[in-house]
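Worksheet: the structure to be examined is printed underneath.
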Amino acid sequence: MTQSHEYSEKLWKEALHYLPGGVNSPVRAFRGVGGTPFFTQRAKGSHLWDVDGNEYIDYVCSWGPMILGHAHPKVVRAVQEAARDGTSFGTPNPREVRLAQLVCEAFPSIQKVRFVNSGTEATMSAIRLARGFTKRDKIVKFEGCYHGHADALLVKAGSGGATFDVPDSAGVPADFARNTVTLPLNDFTAVDAVNWREIACVIIEPIPANMGLIPLKSGFLEKLRKLTQESGALLILDEVISGFRIARGGAQELYGIQADLTTLGKIIGGGLPVGAFGGRADVMDMLAPVGPVYQAGTLSGNPLAMAAGIATLEELSQAGTYEKLERLTTTLCDEWKKIVKGHHVRIGSLFCTFFTDRDVVDYASAKTSDTKRYGRFFHGMLERGVYLAPSQFEVGFVSLAHTEADIEQTLRAATEAVRAL
Ligand SMILES: *Cc1c(COP(=O)(O)O)cnc(C)c1O
């Protein structure tokens, strides 16, 4: 409560002058909760320090990538070693092969993979590939699911789209949006009504985590798997958040389902810009230079980014990783539920509390949340040294660096913040 924010306030004024909205990605601007964002000076383990020296327990974790915690020694060393040998070659490099091997071993459905520089590039390219493979134009997505900011996918989108009530972005031609069929999440009837024979692919977050956290109803993924298989459409599972977080093999391992194509990002770059899409070899071999679907990248497979990804995935493959994440998050959430009123969801190391009395099953019910109240709670927590997502429609991330002491401090802060509401 005695925090000073002088330097952050000063930087924010300058940022607003030079950067649209002061940021390079919308949700960072705190518009979902009000107030001025802090500028981070450094981060270590589960903690962030801002430029004014305030310390926070971090439950955003760079929106997912920092599953080992910030500045993990093995990741830092791997990046330093890679940098010493040069930062980009524009030729094949051995680290691309190693990271590809780690991804393919973790996901049985991924026979071949291509690396890109963000989750957005991964989903955008996977959609183009699905269209090229099936020779069909239409795609299916679900309301409130976020798959990055490519034109075809910014239709009824989550994440910033949900926070700012602009699920349909300006600048997306109606001619493009027409080819995106959008359905309510968890709606079996709506899925049955689609003419799947004209659909190139359906893309879904198997663990929807961009409108808050909403579990899929049992049988929903299986239904999509069956309908696509029967009609020749492709099933794309967007595991940019869930890949290597929910289990090593992502939601596909948890639910025992196989995608035709999978998109990855966040964790596989260990905090550097990496995305990937991969899947069936017959589909992936439609990509240039083998096939007619073009996709490329000057910095794709970048040695620094690959090094950070390899170090992260190797560390995650140690025994007990996911059990530990589950245990930590359960410890937090079991007490949290008793303190904070609302609709609580936890899946693995992801958690979310909707500030609503309603049962949340889709985008419409998520939007019944009291976002003003969430904003006040967010600031109550921030003042007490706990950084939650600056939007009701994002999730909390727990890392392997979070400790029992962090959790105790978080729960004490929550008790006080709720009392102050
Ligand atoms: C973050 C995210 C993306 C986009 O990834 P960027 O690296 O931000 O472009 C795509 N899909 C899902 C499910 C995501 O959470």
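Quick caveat: nothing in here was measured; it's all calculated off a predicted structure. Every number for a ligand or one of its atoms is a count from 1 in the order of the listing.
When each atom of ligand 1 is checked for a heavy atom of S118 under 4.0 Å away, the hits are 7 (O), 9 (O). Near Y146, the atoms of ligand 1 lying under 4.0 angstrom from a non-hydrogen atom of the residue are 11 (N), 12 (C), 13 (C). For ligand 1, the atoms lying closer than 4.0 Å to a non-hydrogen atom of G148 are 3 (C), 4 (C), 10 (C). Short contacts between ligand 1 and I241, defined as distances under 4.0 Å to a heavy atom of the residue, involve ligand atoms 15 (O).
Of the options I236, V283, T263, T123, a side chain to side chain contact (heavy atoms under 4.5 Å, CB included) to F277 is made by T263 and by none of the others.
Ring to ring, F107 and F244 are close: their centroids are under 6.0 angstrom apart. If you look at F142 and F220, their ring centroids are closer than 6.0 Å.
The side-chain heavy atoms of M66 and S399, taken from C-beta on, include no pair separated by under 4.5 Å. By the 4.5 Å heavy-atom criterion applied to side chains, M284 and R114 are counted as neighbours. Side-chain atoms of L264 and V113, non-hydrogen and from C-beta on, never get closer than 4.5 Å to each other. V97 places none of its side-chain heavy atoms less than 4.5 Å from the side chain of P94. Put simply, the side chain of I214 reaches to within 4.5 Å of the side chain of F354, judged on heavy atoms.
In terms of protein heavy-atom proximity, atom 9 (O) of ligand 1 is closest to T120 OG1, 2.6 Å. Looking from atom 6 (P) of ligand 1 to the surrounding protein, the closest heavy atom is G119 N, 3.5 Å.
Between the choices D238, I203, L237, I207, the shortest heavy-atom distance to atom 13 (C) of ligand 1 belongs to D238.
Within a 4.0 Å radius of atom 11 (N) of ligand 1, the protein has at least one heavy atom.
At a heavy-atom distance under 4.0 Å, only side-chain atoms of E205, from C-beta outward, approach ligand 1. When heavy-atom distances to ligand 1 are checked against a 4.0 Å cut-off, N210 comes that close only through its side chain, counted from C-beta outward.
Considering both main-chain and side-chain atoms, V240 never comes within under 3.5 Å of ligand 1 through any nitrogen or oxygen pair. In terms of polar-atom proximity, defined here as any N/O pair under 3.5 Å, K266 does make such a contact with ligand 1. Among the atoms of T123, none of the N or O lies under 3.5 angstrom from an N or O of ligand 1.
The shortest heavy-atom distance from H149 to ligand 1 is not under 4.0 Å.
Using the six-membered ring where Trp is involved, F355 and F377 have ring planes that are tilted, between 30° and 60° apart.
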